[in-house]
Amino acid sequence: MSNEILYILLPDYAAHEAVYLSEAVASDESALKENPKYVNKVVAPTHNPVKSIGGFRTLPDYSFDTMPGDYAALVLIGGFGWSTPVAEKVVPIVRQALDNGKIVGAICNGASFMARHGFLNSVRHTGNGLGQLKLWGGDSYTNPEGYVAEQAVCDRNIVTANGSATLEFARLLLLRLENDTPERIEMYYQFNKQGFCSLFPG
């Protein structure tokens with residue numbers, strides 16, 4: 001479905017990196033949304049449960065072979081799986097997403113994977129430091145001047161972030177997806193960043 005946000009989880013994924021984005025998609029400040037604009041779906045190499053770094057197991061909605069071709073955004077959640085052979089199966093998925101004008105988000109080692117395969121060579125971007133992007137990217141990473149030392153960066157349809165920037169990553173994707181008004185997205189960001197909510201003045 002074109003309103004699905006697909007989260008790619010590889011073995012030993014970083015579960016916390018999906019939390020802020022997925023919660024804002026599915027709920028508002030007080031309850032689950034009755035009619036959310038988008039629906040969260042998990043994609044993994046197979047339909048078998050995929051384990052997070054912390055040991056939680058998530059049952060995927062789709063495998064690489066059964067995922068739909070039409071969706072709203074593709075989100076690469078970080079973790080240790082991006083340095084393993086199974087990650088290579090994601091290369092054509094990302095390439096097709098970008099060719100079709102889909103929004104692609106990549107955080108932590110997901111951003112390093114993007115550098116490794118040349119997907120960051122024409123956009124401003126960030127990640128777990130320029131050194132890691134160069135190390136992972138090697139000769140395929142030709143855009144170090146496009147690196148921005150910020151928590152999260154959006155350029156055209158690509159959103160990148162470092163592994164400590166889960167909230168900033170969510171904010172930029174929510175804005176790019178127009179999940180809500182900019183004001184409400186900012187309120188969500190500030191509540192989770194600062195611990196207060198402007199809807200309930202004290």
Side-chain angles (χ1 to χ4, degrees), residues 1-28 31-82 84 86-111 113-114 117 119 152 154 156-161 163 165-180 184-185 188 192:
M1 296 175 63
S2 59
N3 71 328
E4 291 182 342
I5 298 175
L6 304 184
Y7 299 75
I8 292 191
L9 306 185
L10 299 185
D12 299 317
Y13 70 93
H16 69 285
E17 293 175 358
V19 170
Y20 289 120
L21 175 60
S22 60
E23 285 187 354
V25 167
S27 67
D28 56 26
L32 289 172
K33 296 175 181 175
E34 290 187 13
N35 298 295
K37 183 174 182 179
Y38 299 104
V39 177
N40 297 312
K41 296 291 184 178
V42 169
V43 180
T46 70
H47 283 285
N48 295 325
V50 59
K51 182 178 71 66
S52 73
I53 292 171
F56 291 108
R57 295 182 184 276
T58 298
L59 186 64
D61 297 287
Y62 304 115
S63 70
F64 291 164
D65 293 330
T66 64
M67 63 176 284
D70 191 16
Y71 48 85
L74 186 72
V75 182
L76 280 54
I77 298 299
F80 301 136
W82 292 105
T84 66
V86 71
E88 298 307 303
K89 297 181 179 180
V90 183
V91 175
I93 296 173
V94 173
R95 183 173 293 116
Q96 183 178 45
L98 294 175
D99 288 346
N100 291 337
K102 302 298 184 183
I103 296 169
V104 176
I107 184 170
C108 193
N109 285 346
F113 164 86
M114 295 279 283
H117 295 283
F119 294 126
C154 179
R156 289 177 289 196
N157 278 3
I158 295 180
V159 177
T160 51
T166 56
L167 186 53
E168 289 77 11
F169 182 60
R171 176 172 60 174
L172 289 184
L173 279 168
L174 292 169
L175 288 168
R176 188 67 186 79
L177 287 160
E178 299 181 346
N179 183 68
D180 211 324
R184 291 186 66 83
I185 292 171
Y188 176 77
N192 285 284

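Worth saying up front: this structure is predicted, and the values here are computed from it rather than measured.
Here the closest heavy-atom approach between residue Ala18 and residue Tyr7 is recorded as CB-CD2, 4.2 Å. In plain terms, the two heavy atoms of Ser2 and Asp70 that are nearest each other are CB-OD2, 3.4 Å. The minimum heavy-atom distance linking Arg57 with Pro49 is given by the pair CB-CB, 4.2 Å. Between Val104 and Ala97, the shortest heavy-atom contact is CG2-CB, 3.9 Å. Taking every heavy atom of both residues into account, Ser63 and Pro45 meet most closely at CB-O, 3.8 Å.
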| message | Test side-chain contact (heavy atoms from CB on, under 4.5 Å) on Thr160 and Met114; report intermediate values, then the result. | response | CA-CA 9 Å; Thr160 51; Met114 295 279 283; 5.6 Å; no

| said: Could you walk me through whether Lys37 and Glu178 satisfy the side-chain contact (heavy atoms from CB on, under 4.5 Å) test, starting with their C-alpha distance in whole Å, then the side-chain angles of each, then the deciding distance to 0.1 Å, before giving a yes or no? | reply: CA-CA 9 Å; Lys37 183 174 182 179; Glu178 299 181 346; 3.7 Å; yes

| request: Report the C-alpha separation of Asn179 and Tyr38 in whole Å, then their side-chain angles, then the decisive distance to 0.1 Å, and conclude whether the side chain to side chain donor-acceptor pair (under 3.5 Å) test is met. | output: CA-CA 8 Å; Asn179 183 68; Tyr38 299 104; over 6 Å; no

| query | Stepwise, does the side-chain contact (heavy atoms from CB on, under 4.5 Å) test hold for Glu88 with Val91? | reply | CA-CA 5 Å; Glu88 298 307 303; Val91 175; 4.0 Å; yes

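Once rounded to the nearest 0.5 Å, the distance linking SG of Cys108 with CD1 of Ile77 reads 10.0 Å. For the atom pair Glu4 CD and Asp61 CG, the distance stands at 7.5 Å (nearest 0.5 Å). Separation of atoms NZ (Lys89) and CG (Asp65) is listed at 7.5 Å; rounding is to 0.5 Å. Note that the CG atom of Asp28 and the CG atom of Asp180 stand 8.5 Å from one another [nearest 0.5 Å]. How far CG of Leu32 is from CD of Glu23: 10.0 Å, rounded to the nearest 0.5 Å. Here the CG-CD1 distance, from Leu177 to Ile103, works out to 4.0 Å after rounding to the nearest 0.5 Å.
For the side-chain contact (heavy atoms from CB on, under 4.5 Å) with Ile8, the qualifying choice from Val94, Leu74, Val75 is Leu74, the only one to do so.
The aromatic rings of Trp82 and Phe113 sit tilted relative to each other, their planes meeting at an angle between 30° and 60°.
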Acceptor/donor pairs from residues 10-17 side chains to any protein atom, 3.5 angstrom cut, sequence neighbours excluded:
unit_1: Asp12; atom_1: OD1; unit_2: Lys51; atom_2: NZ; d: 2.8
unit_1: Tyr13; atom_1: OH; unit_2: Thr58; atom_2: OG1; d: 2.5
unit_1: Glu17; atom_1: OE1; unit_2: Gly78; atom_2: N; d: 2.8

N/O donor to acceptor pairs below 3.5 angstrom from side-chain atoms of residues 167-175, sequence neighbours left out:
unit_1: Glu168; atom_1: OE2; unit_2: Tyr189; atom_2: OH; d: 3.2
unit_1: Glu168; atom_1: OE2; unit_2: Lys193; atom_2: NZ; d: 2.8
unit_1: Arg171; atom_1: NH1; unit_2: Glu186; atom_2: OE1; d: 3.3

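Counting heavy atoms from C-beta outward, Pro36 and Asn3 have side chains that stay 4.5 Å or more apart. Residues Thr166 and Val19 are not in side-chain contact: their nearest non-hydrogen atoms beyond the backbone lie 4.5 Å or more apart.
In the model, Asn157 has a side-chain atom that pairs as donor or acceptor with a side-chain atom of Arg176 under 3.5 Å.
In this structure a side-chain-to-backbone donor-acceptor pair under 3.5 Å is missing from Tyr20 to Tyr188.
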